[in-house]
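A note on names: the letters A, B, ... follow the listed sequences, proteins ahead of strands, and every chain is numbered from 1.
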Amino acid sequence: MTRRRLEQVCDALSVGGVVTLCALVLLTFRDYGLTLDEETHRLYGDRVVAYIARGLSYDDTLYSLYPAGFDLLAAGYRQVSDLGPYDALHLVGGLVGITGAVGVWLLARALFGPIGAFIAALLCATTPSYYGDMFNNPKDLPFAVAYAWSLYVIVRLVQQLPRPGWRWWIGAGVAIGLAMSVRIAGLLLLVYLGIGLLAYALHRGWHARSAEVTARLIQALSFRFAAAAGLAWGLMLATWPWAALEPLRRPLYALTQFSEYTAHSRPMPFAGRIIDSARPAPLDYIPRYLGLKLPDILVLLLILGAVLGVWRVIARVRGSAEVRRTLALALVGLAGALPPAYAMVRGSTLYDGLRHVLFLVPVACVIAAGAALLLGRVAGRRHPALVVVLGAVIAIGCADAVASMRALHPHEYVYFNRIAGGLPGAAGRYSTNYYGGDYREALESLQQHLWRTEPEVYLQDGYTVTGCFNGEMLPAYLPPSFTRAPVADTADFSVDFTRADCHLRHADRPEILRVEREGTPLVIVRDLRTEAP
Amino acid sequence: MRHQLEPLAAARALIDEPAVSSRCALPHLIEAWCSAAECGTDELVSRLRAGAVASIPSSRRAAVIEVVEHALEATRAEPWAAVALPSRRTLRRCVGVLERATADRSRLPWAPVAAIAGALVLVLGMHCAAQRTVDRAGLWRAAYYGNPGFAGPPLEREVDTPSAEPPVAAPYSARFTTCLELEAPVDAVFQLVGAGGATLYVDDRAVVGDWSGGSEVRTRGGRIALTAGRHAVRLDRYAPQVDDQVAVLASLDGSAPAPLRTVAPCAEAMP
């Protein structure tokens with residue numbers, strides 16, 4: 001098979017993959033449960049819609065350190081959809097997640113061509129942490145999606161220096177603006193773009209041995225950069241009523257608040273010990289979670305890709321060859337390395353596994369795809385059969401991740417790879433089910449269990465439930481005959497997930513049900529009507 | 001890529017034009033190579049030797065450099081001076097190498113992508129349209145009375161559920177009617193959960209009811225055997241306070257009672 005033919009096959013497979021993903025989302029979005037953050041974001045979206053409807057009249061309920069980009073999109077969809085509020089959220093989330101996989105595909109295509117793009121998109125779609133969060137993570141996943149798209153536009157823009165068309169500048173403004181309309185940390189993308197433009201101007205000046213060349217380039221590019229940055233900032237403010245009141249001070253204030261976020265103090269397992277989630281995360285927090293929560297094949301290729309990428313960039317910089325391609329590659333590396341490096345040096349607060357740095361997953365997939373492509377090229381020079389072997393290894397690695405996702409469904413986000421010993425190996429040592437999406441299964445199982453075992457009591461009486469879940473979860477999944485107990489000790493049942501040892505609160509009472517995956521408990525239901533033995 | 005491809009296209013056009021000397025194509029060819037190597041003419045050869053355009057196959061590099069050197073020499077010569085030119089075939093080969101090296105592999109196959117996007121939009125549209133029917137909680141005809149005793153002319157509404165916000169002040173009474181359409185006989189279970197008073201009738205037979213009227217939320221259930229076909233369902237309800245709501249749950253397949261969904265149009269079934 002010629003390279004061109006292989007590229008065509010990869011393009012066809014990529015398109016087929018997107019269709020498959022869409023079908024999967026449509027078939028399964030109803031399976032996913034409400035997570036701990038979703039109700040807050042749903043209400044916020046509704047409030048911002050109301051704020052727009054009443055002519056941008058601000059009230060204190062709109063206070064939020066988060067812009068409402070995704071929440072506004074979901075609220076808009078709920079206005080026209082007859083789906084239940086949470087199903088609608090999950091469908092929008094799933095579709096946004098697919099858009100992210102397409103963004104990864106585009107980014108890898110711009111850097112490595114169709115074969116690399118297919119590998120990157122495949123790795124992304126089969127990463128359980130990414131796929132599982134698609135449906136019910138209303139902030140980290142949309143941000144990861146916008147991050148991937150922004151990097152794509154930045155890369156294309158850099159590749160066309162010194163004269164990128166206006167549409168790429170507008171594209172950069174929109175994509176970065178969308179990222180910033182989910183999390184203010186999207187500001188980093190403007191920094192990447194600025195670094196890219198400055199590096200190019202300096203390189204051209206150095207090459208021509210003329211400071212004037214650099215100055216002229218900076219002058220020509222800075223106006224366009226400012227326009228793109230202004231567009232991004234405007235887009236962010238349009239979805240953020242609280243920040244719009246002081247368009248410069250408040251977004252920057254929010255940024256500083258996130259760097260010093262200490263409001264979420266609770267015990268959290270990490271590498272077998274218990275740490276405080278409000279304290280600065282250990283230095284190895286991000287590398288360790290990346291190494292344990294990404295599929296094994298992705299981890300291997302990512303390590304290889306990081307080493308080869310640095311080597312290639314250094315080699316090209318020394319040879320001063322193909323500066324635009326080198327710069328594009330270096331910017332993607334920077335986008336993958338700078339945030340974790342900053343978080344480690346700064347001592348940022350991190351918890352809930354990979355959740356806060358989910359935006360690194362698309363970048364990791366692209367870097368891994370570059371490594372796979374390079375490996376394939378080297379292997380192909382030695383023997384064509386080695387390329388087939390490499391392809392088979394990647395396919396088996398992805399199939400293994402898909403098998404785990406199937407076993408964990410619909411709680412794919414609790415995945416841990418074989419290096420960690422799977423979910424059983426990570427239970428108790430790392431944050432597994434931190435998001436509460438599994439409460440739905442537990443509550444519905446409790447309902448069916450009671451109907452099956454005590455139908456007459458069920459028909460004529462109500463039940464009270466306690467647990468570490470949000471108040472909205474009970475009415476979302478159970479009929480009104482189930483109410484939340486005002487005091488935990490007066491409840492009929494406790495339904496508790498394993499985060500922060502919540503499931504041990506009533507450990508002396510009999511366990512009647514549990515939600516588990518791979519033999520590891522995620523939520524435990526106890527009957528509190530029975531006295532402790 | 002456009003700024004690289006334009007001089008290349010010009011070079012190819014001039015090389016292919018028999019009426020024009022191939023010497024006219026050389027400046028365009030040089031410009032295209034300079035653009036690809038990101039340098040000026042002075043350092044073009046040295047940059048090509050250093051591998052500045054990495055996508056040129058190494059087997060072709062020497063030949064390309066030879067042509068470029070030749071072309072540079074010709075363009076630097078005075079216009080009237082006679083120079084030895086590379087053959088058109090050699091020049092075409094050189095253009096071909098650059099065309100392949102600078103081909104924009106990241107350009108999207110727009111036709112299939114657009115077709116797939118269109119198909120997806122269609123599927124999503126159909127899915128959403130289907131959901132509009134499936135996800136309706138129900139269709140009830142409601143008659144609200146601004147008193148506890150169903151007296152006087154009612155305010156009529158169509159609502160998705162008897163828990164819908166009432167258009168009258170409390171205390172009020174209300175009558176909700178709808179119909180069930182069953183494909184087979186079932187042992188149905190109905191459950192009422194709420195405050196105030198409520199009685200549920202199926203085909204005018206009371207199945208479950210509680211008129212104690214307190215503000216405490218209570219759960220009551222009842223069973224009834226139903227034949228296949230249409231059945232009129234009626235809920236009479238009394239609410240001492242506006243916040244008092246009632247949920248109508250039903251089990252028609254043996255599973256735990258869930259909110260009653262009545263999607264059949266009831267106009268002809270209801271009196």
Return yes when atom [atom1] of [X] has more than 12 non-hydrogen atoms of other residues, nucleotides or ligands closer than 6.0 Å, and no otherwise.
X       : atom1 : answer
B:Arg76 : CZ    : yes
B:Arg92 : CZ    : yes
B:Glu69 : CD    : yes

*asked:* Quick check on the structure: residues of residues 452-463 of chain A within a heavy-atom distance below 4.5 Å of chain B, by number.
replied: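 Under the 4.5 Å heavy-atom cut-off, A:Pro455, A:Glu456, A:Tyr458, A:Leu459, A:Gln460, A:Asp461, A:Gly462 qualify.
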
*Side chain, backbone, both or neither: which part of B:Val189 has a heavy atom under 4.5 Å from chain A?*
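Just its side chain gets close to chain A.
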
*Which answer fits B:Gln245, side chain, backbone, both or neither, if we ask what part of it has an atom under 4.5 Å from a heavy atom of chain A?*
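For B:Gln245, no heavy atom lies under 4.5 Å from chain A.
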
*In terms of heavy-atom pairs under 4.5 Å with chain A, which of B:Gly194, B:Ser255, B:Ala258, B:Ala247 leads?*
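Of the candidates given, the most pairs with chain A belong to B:Ser255.
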
_Which one wins on heavy-atom pair count under 4.5 Å against chain A: B:Gly221, B:Gly222, B:Gly254?_
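Heavy-atom pair counts peak at B:Gly221.
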
*salt bridge (charged side-chain N to carboxylate O under 4.0 Å, His left out) contacts in which one or both residues fall within residues 442-451 of chain A, not counting sequence neighbours*: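 Counting only pairs at least two positions apart or across chains, the salt bridge (charged side-chain N to carboxylate O under 4.0 Å, His left out) contacts touching residues 442-451 of chain A are A:Arg440-A:Glu444.
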
*A:Leu478 versus chain B, the contacting section by heavy-atom distance below 4.5 Å*: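 Neither part.
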
_How close do B:Ala256 and A:Gln447 get, counting heavy atoms only, and between which atoms?_
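Closest pair (atom of B:Ala256, atom of A:Gln447, distance): CB-NE2, 3.7 Å.
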
*Heavy atoms only: give me the nearest B:Thr219-A:Ser481 pair and the separation to one decimal.*
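Heavy-atom minimum between the residues: OG1-CB, 3.5 Å.
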
*Just jot down the salt bridge (charged side-chain N to carboxylate O under 4.0 Å, His left out) partners of B:Glu216, sequence neighbours excluded, or say none.*
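For B:Glu216 there are no salt bridge (charged side-chain N to carboxylate O under 4.0 Å, His left out) partners, ignoring immediate neighbours.
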
*Could you list the residues that satisfy salt bridge (charged side-chain N to carboxylate O under 4.0 Å, His left out) with A:Arg78, not counting sequence neighbours?*
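Checked A:Arg78 against salt bridge (charged side-chain N to carboxylate O under 4.0 Å, His left out); matches are A:Asp46.
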
